[in-house]
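Each chain gets a letter, A, B and so on, in the order its sequence line appears, and its residues count up from 1. None of these values were measured; they are calculated from a predicted model.
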2 protein chains.
Amino acid sequence: MSITIKDVAAGAGVGVGTVSRVLSGSTSVSKQTRQRVEEEIQRLHYVPNSLAGALSSRRSGIVGIIVPTLEQSIFADTVDGAESELNVRNLQVMVGQTKYDIGREAELVKAFLKLRPEGLILTGSNHLPIVHDLLNAADIPVAECWGRAETPIGISVGFDNQAAARDIVTHMIDRGRRRIAMLCTPRYFDNRLQQRIDGYEEAMNLHGLEIDVHDSIEGASTYSGFHQSGKVLDHILQQRPDTDAIFCSDDFNAVGALFRCQQRGIWVPNQLSIAGFVDLPIASGITPAVTTVRVPRWEIGATAARNLAAMANGETIPERIIDLGYEIIVRETT
Amino acid sequence: MSITIKDVAAGAGVGVGTVSRVLSGSTSVSKQTRQRVEEEIQRLHYVPNSLAGALSSRRSGIVGIIVPTLEQSIFADTVDGAESELNVRNLQVMVGQTKYDIGREAELVKAFLKLRPEGLILTGSNHLPIVHDLLNAADIPVAECWGRAETPIGISVGFDNQAAARDIVTHMIDRGRRRIAMLCTPRYFDNRLQQRIDGYEEAMNLHGLEIDVHDSIEGASTYSGFHQSGKVLDHILQQRPDTDAIFCSDDFNAVGALFRCQQRGIWVPNQLSIAGFVDLPIASGITPAVTTVRVPRWEIGATAARNLAAMANGETIPERIIDLGYEIIVRETT
DNA sequence: TTGAAAGCGCTAACAT
DNA sequence: ATGTTAGCGCTTTCAA
């Protein structure tokens, strides 16, 4: 079997308690003893078994983060932000992907809870009842991300999707557009998409403009993503050839629509104005660069993690709902 | 504290052993007992503590996977493939990102080993000596991915980067290109990039053509990625205006170069031929679609995971070096 | 500053 | 088919 703390203790001629103290960086170990123990650790390539440590100390040192997918940079950045904050605090991150499936989310929560995480970061605030039960029974710090949960389980870290959508649509209206369609892909089981649609409708209604929301036909897969968006664009233009602007539910759709325009020879923004959401690297990389909403996806993860870590240490968080805001980035497509 | 197996046992009026048997799906439990226990589990929202279970059974049910980054779909797909195979086997996946830092990789290996994973999936085969020591002492199944390790620690799952690069460059030569430059971003601490360069040089040498390799000036960040590649393209064309083709070390560089061409009015492929590597969704989504090498990034993760799981069960793997191949995808940019 | 010992919550071997 | 019990490898009192 693998080396244990006993082997180290025996090798260094001390008790296991002392080795444990060295490992935890406790001050009450004499310099020489510490050194002897550390040498023995090196020599044996001893790696502490944190499963045992966690069981004993009731601190797993694990924080779970559950996101819809890692396949797009969208949430990878959030995971990244969380990881940065957690790693400096000696916490291990467990990542799970729901694949936009609310049932899978529940499975993941259950699987994660088995490892007794010190905190859990979830995306959105739409969960199965069992998740609430489980989380309630587990009694650990929880952060819900990417939206503004009105009554969060623990805390909420995100931004106002509806206001962001309203603002960017208003920007297009200000630019003189009148027949603005919305192009969506229905990949969220959460209500983020609905909030963006609400924001679009809010802006349109305020200006007495006609609402025109289009979902893509099938669920979007990563691979067909761009083409899928292109097809929806075709559909929109076929139904209403006088459409002069497209608000897309995210940058992937915006880029897909833009590609389609380039193929069809539609001049953007002159003939058709396009706006996205999220501000992925591709939005600024492409020509023409895409007007979009910049959302703090890295900060969302980092802020959630930071607060979770504090809560795990028994600190109290002043604000349960943390709004990180957003920014309208005007580029060349509008 | 949280609910334990004792609470369930007491509530159901059975011994802890019986509850454990129910949990593990053992057949030697009467139907009625099983049902009574399961009801109690439901009622209490009991979630087994797998830290304790792992400690006792010496099976953590955890498999670690360490990739350079999740910010690009490149490795996210590999993680995804691994996750798919592992989840059906009731194994939890721990993901770590090295950020292309070989020292961080060592840290991650150490952190993961503390959780006594049943296997570890690494990217590439260039590791610090300490990693070899640690892995050796831990004595667990290890898979190295994305390359062809000549002497893998455990097994190697990937493809021949050099041959792939050679083949796609040969394709450009066959199309009549003669002055082919290579555009790279030096983000790999692993030798994958070098192997691709070797493949490029192999093809060029074979046809007596002049070699011209360009690295980007700074390390590429995700955000500046496309612009960065564009700048390198500018540099290449400034130094050798008669360059008629660019082989890029990955699709991000290819797309970045293509964007730059569109900005500068360079006609692709007529004036300049461009090829990438990996076959990301953007490569087929963009117009003109990018010629590239399709690599089995999802299968790499899945195959590694499948074999690791088998090894963890004591099975012997026939082949230590698994070559999943690649495919040249000719599209519109060449 | 240190050693000894009692758990942490589970699994698995051994009884019955 | 089921209960009992001895660990798994740590952490954390409690003494010394």
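- For B/Gln35 and B/Glu39, the side-chain atoms include at least one donor-acceptor pair closer than 3.5 Å.
- Between B/Arg21 and B/Ser50, the one whose closest nucleotide on DNA chain C sits nearer the 5' end is B/Ser50.
- Put simply, CG on B/Leu115 is 15 Å from P on D/dG9, counting in whole angstrom units.
- Between B/Ser28 and the phosphate of D/dT2, there is no side-chain N or O to OP1/OP2 separation shorter than 4.0 Å.
- Rounded to whole angstrom, the span from the CG atom of A/Leu113 across to the C1' atom of C/dG9 amounts to 15 Å.
- The nearest heavy atom of DNA chain D to B/Gly13 and to B/Ser57 marks one nucleotide each, and the one closer to the 5' end goes with B/Gly13.
- For B/Arg116, counting side-chain heavy atoms from C-beta on, the closest listed nucleotide (C/dT2, D/dT11, D/dC10) is D/dC10.
- Between B/Lys6 atom NZ and C/dT11 atom C1' there is a gap of 14 Å when expressed in whole angstrom units.
- Using a 4.0 Å cut-off, no side-chain N or O of B/Tyr46 falls inside it from OP1 or OP2 of C/dG9.
- Nearest to the side-chain atoms of B/Asn49 among the listed nucleotides D/dC10, D/dT4, C/dC10 stands C/dC10.
- Counting heavy-atom neighbours within 6.0 Å of B/Glu319 CD, excluding the residue itself, gives a total of 12 or less.
- Checked against C/dT11, C/dC8, D/dT2, the side chain of B/Ser20 finds its nearest nucleotide in C/dT11.
- The nucleotide whose nearest atom lies closest to any side-chain atom of B/Arg58 is, among D/dG9, C/dT2, D/dT12, D/dG9.
- Distance from the side chain of B/Thr4 is smallest for C/dG9 among the nucleotides C/dT1, D/dC10, C/dG9.
- Protein atom CG of A/Leu51 is 10 Å distant from nucleotide atom C1' of D/dC8, rounded to whole Å.
- For the pairing with A/His45, the side-chain contact (heavy atoms from CB on, under 4.5 Å) check across B/Leu135, B/Asn136, B/Asp133 returns one residue only, B/Asp133.
- Atom NZ in A/Lys114 sits about 12 Å away from atom P in C/dC10, given to the nearest Å.
- Comment: B/Glu71 engages B/Lys99 in a salt bridge, judged by a side-chain N to carboxylate O separation of less than 4.0 angstrom.
- A donor-acceptor contact under 3.5 angstrom links the side chains of B/Ser28 and B/Ser26, judged on distance only.
- When the nucleotides D/dT11, C/dG9, C/dT2 are ranked by their closest atom to the side chain of A/Ser56, D/dT11 comes out on top.
- Within 4.0 Å of A/Thr33, counting heavy atoms only, lie sugar-phosphate atoms of the nucleic acid but no base atom.
- Spacing between atom CG of A/Leu55 and atom C1' of C/dG9 amounts to 5 Å, rounded to whole angstrom units.
- The separation between B/Gln35 atom CD and D/dT2 atom P is 13 Å, rounded to whole Å.
- Within the 4.0 angstrom heavy-atom criterion, only backbone atoms of the sugar-phosphate kind lie near A/Gly53; the bases stay farther away.
- Put simply, CZ on A/Arg59 is 18 Å from P on C/dC8, counting in whole angstrom units.
- Distance from the side chain of A/Ser30 is smallest for C/dT1 among the nucleotides C/dC10, C/dT1, C/dG3.
- The pair A/Glu40-A/Arg43 meets the salt-bridge criterion, with a side-chain N (NZ, NE, NH1 or NH2) lying under 4.0 Å from an Asp/Glu carboxylate O.
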